[in-house]
Number of protein chains: 2
Amino acid sequence: MNNAFKALSDPTRRKILDLLKDRDLTAGEISDHFNMTKPSISQHLKLLKNADLVQDEKKGQFVVYSLNTTVFQELISWALEFIDKGDGQK
Amino acid sequence: MNNAFKALSDPTRRKILDLLKDRDLTAGEISDHFNMTKPSISQHLKLLKNADLVQDEKKGQFVVYSLNTTVFQELISWALEFIDKGDGQK
DNA sequence: AATTCATTTAAGTATTTAACTAAATACTAC
DNA sequence: GTAGTATTTAGTTAAATACTTAAATGAATT
């Protein structure tokens, strides 16, 4: 999960994830939403992919990115433990 | 939430939160769990506090730290949106 | 096979971050 | 008020990060 937390710590990457909530997008479409060069966005996408937060699929000369929800589920489990454990002590 | 994500991106800070799941701890007790100087831990605690992930309370010469669960709840809500939105598209 | 378009990789730079040591603050007890 | 303990603040350094531009890869088009 460390990669995921690292990946989520950047606002640009979280905004990319937000965009992918609506629909799958190519790398180019994603970068169109930012005031940033394509290589920069490509790096962010690489990080998101290494963190298993997104998947990519080659479609001809395009690369289509989509959300991978499994890590989000893990994140929820992780956060729930902090809320549950509140009972035992005070 | 940006501060929270930033705060959560560091393994040491996540371990601090894990420790506080069991019980409230003083700054000193927390730093005893790490191979790291007290000032370093103090900085981490400051960040966690600014992110509203922990609270502190002065008890005499000690400072007792405890979890603040509200941001964890927000985090769950945030993550849930990514799972729910999975329906609409494929 | 040469050209163009989409994307990534490489290399360099500026900023941020996480650690340290030393000094300051704050409380406790004599 | 001096001494001791707990914690934080300040200043520094090394490593990590987020950008940039330039070059490389790979597919589509003529």
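Just so we're clear, the structure is a prediction, and the values are computed from it rather than from any experiment. The chains referred to below are lettered A, B, ... by the order of the sequence lines, with proteins before strands, and numbering in each begins at 1.
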| Under 4.0 angstrom, heavy atoms only, what part of the nucleic acid is B/F34 near: base, sugar-phosphate, or nothing? |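 Since no nucleic acid heavy atom lies under 4.0 Å of B/F34, the category is nothing.
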| task | Name the nucleic acid region contacted by A/S31, choosing base, sugar-phosphate or nothing; use a 4.0 angstrom heavy-atom cut-off, strictly under. | result |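 Nothing, no nucleic acid heavy atom in range.
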| message | Just so I know, are the side chains of B/F82 and A/L53 near enough to count as touching, which here means a heavy-atom distance under 4.5 Å? | response |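 No, side chains not in contact.
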| Taking the side chain as C-beta and beyond, is there a heavy-atom pair between B/N2 and A/P11 under 4.5 Å? |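 In short, these two side chains touch, coming nearer than 4.5 Å.
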Specify the separation, in whole Å, of atom [atom1] of [X] and atom [atom2] of [N].
{"X": "A/D32", "N": "C/dT7", "atom1": "CG", "atom2": "P", "result": "9 Å"}
{"X": "B/K6", "N": "C/dA18", "atom1": "NZ", "atom2": "C1'", "result": "14 Å"}
{"X": "A/I30", "N": "C/dT8", "atom1": "CD1", "atom2": "C1'", "result": "14 Å"}
{"X": "B/R14", "N": "C/dA18", "atom1": "CZ", "atom2": "P", "result": "11 Å"}
{"X": "A/Q61", "N": "C/dT8", "atom1": "CD", "atom2": "P", "result": "13 Å"}
{"X": "A/Y65", "N": "C/dA6", "atom1": "OH", "atom2": "C1'", "result": "11 Å"}
{"X": "A/E57", "N": "C/dT7", "atom1": "CD", "atom2": "P", "result": "14 Å"}
{"X": "A/E29", "N": "C/dT7", "atom1": "CD", "atom2": "C1'", "result": "13 Å"}

| said: So, OP1 or OP2 of C/dA18: does either fall under 4.0 Å of a side-chain N or O from B/T12? | reply: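 No.
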| Residue B/P39, side-chain heavy atoms: nucleotide from C/dA22, C/dA19, C/dA10 that is nearest |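 Given the options C/dA22, C/dA19, C/dA10, the side chain of B/P39 is closest to C/dA22.
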| task | Output the residues of residues 42-54 of chain A in contact with DNA chain C, where contact means a heavy atom of the residue under 4.0 Å from an atom of the strand; sort by number or write none. | result |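 Close to the strand are A/S42, A/K46.
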| task | Could you go through the side chain to side chain contact (heavy atoms under 4.5 Å, CB included) check for B/W78 and A/L75 one step at a time? | result | CA-CA 10 Å; B/W78 177 86; A/L75 189 66; 3.9 Å; yes
| message | I'd like the 5' and 3' limits of the part of DNA chain D contacted by chain B, with heavy-atom contacts below 4.0 Å. | response |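 Result: D/dT5 to D/dT9.
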| Please, which pairs that meet salt bridge (Lys or Arg N to Asp or Glu O under 4.0 Å) have at least one residue in residues 52-76 of chain A, sequence neighbours excluded? |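 Every salt bridge (Lys or Arg N to Asp or Glu O under 4.0 Å) pair that includes a residue of residues 52-76 of chain A, provided the two are not neighbours, is A/K49-A/D56.
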| Pairs satisfying salt bridge (Lys or Arg N to Asp or Glu O under 4.0 Å), at least one member in residues 5-20 of chain A, at least two apart |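 For residues 5-20 of chain A: A/D18-A/K21.
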| message | Closest-nucleotide mapping onto DNA chain D: is A/K59 or A/K38 further toward the 5' terminus? I mean the 5' end. | response |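 Checking each residue's closest nucleotide, the 5'-ward one belongs to A/K38.
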| query | When you match A/G60 and A/T37 each to their closest nucleotide on DNA chain D, which lands nearer the 5' end? | reply |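 Going by which nucleotide is closer to the 5' end, it is A/T37.
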| From A/S40 atom OG to A/L45 atom CG, the distance as rounded to the nearest 0.5 Å |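 Taking OG in A/S40 and CG in A/L45, the distance rounds to 11.0 Å.
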Could you list the donor-acceptor pairs under 3.5 angstrom formed by side chains in residues 25-33 of chain B, with sequence neighbours left out?
{"from": "B/T26", "atom 1": "OG1", "to": "B/E29", "atom 2": "N", "distance (Å)": "3.1"}
{"from": "B/E29", "atom 1": "OE1", "to": "B/T26", "atom 2": "N", "distance (Å)": "2.9"}
{"from": "B/S31", "atom 1": "OG", "to": "B/G28", "atom 2": "O", "distance (Å)": "3.1"}
{"from": "B/S31", "atom 1": "OG", "to": "B/K38", "atom 2": "NZ", "distance (Å)": "3.3"}
{"from": "B/H33", "atom 1": "ND1", "to": "B/E29", "atom 2": "O", "distance (Å)": "3.0"}

| field | Stepwise side chain to side chain contact (heavy atoms under 4.5 Å, CB included) check, A/L19 with A/Y65 | value | CA-CA 10 Å; A/L19 292 171; A/Y65 283 89; over 6 Å; no
| request: Please name all residues satisfying side chain to side chain contact (heavy atoms under 4.5 Å, CB included) with A/S42, sequence neighbours left out, ordered by chain then number. | output: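 With neighbours one apart ignored, the set is empty.
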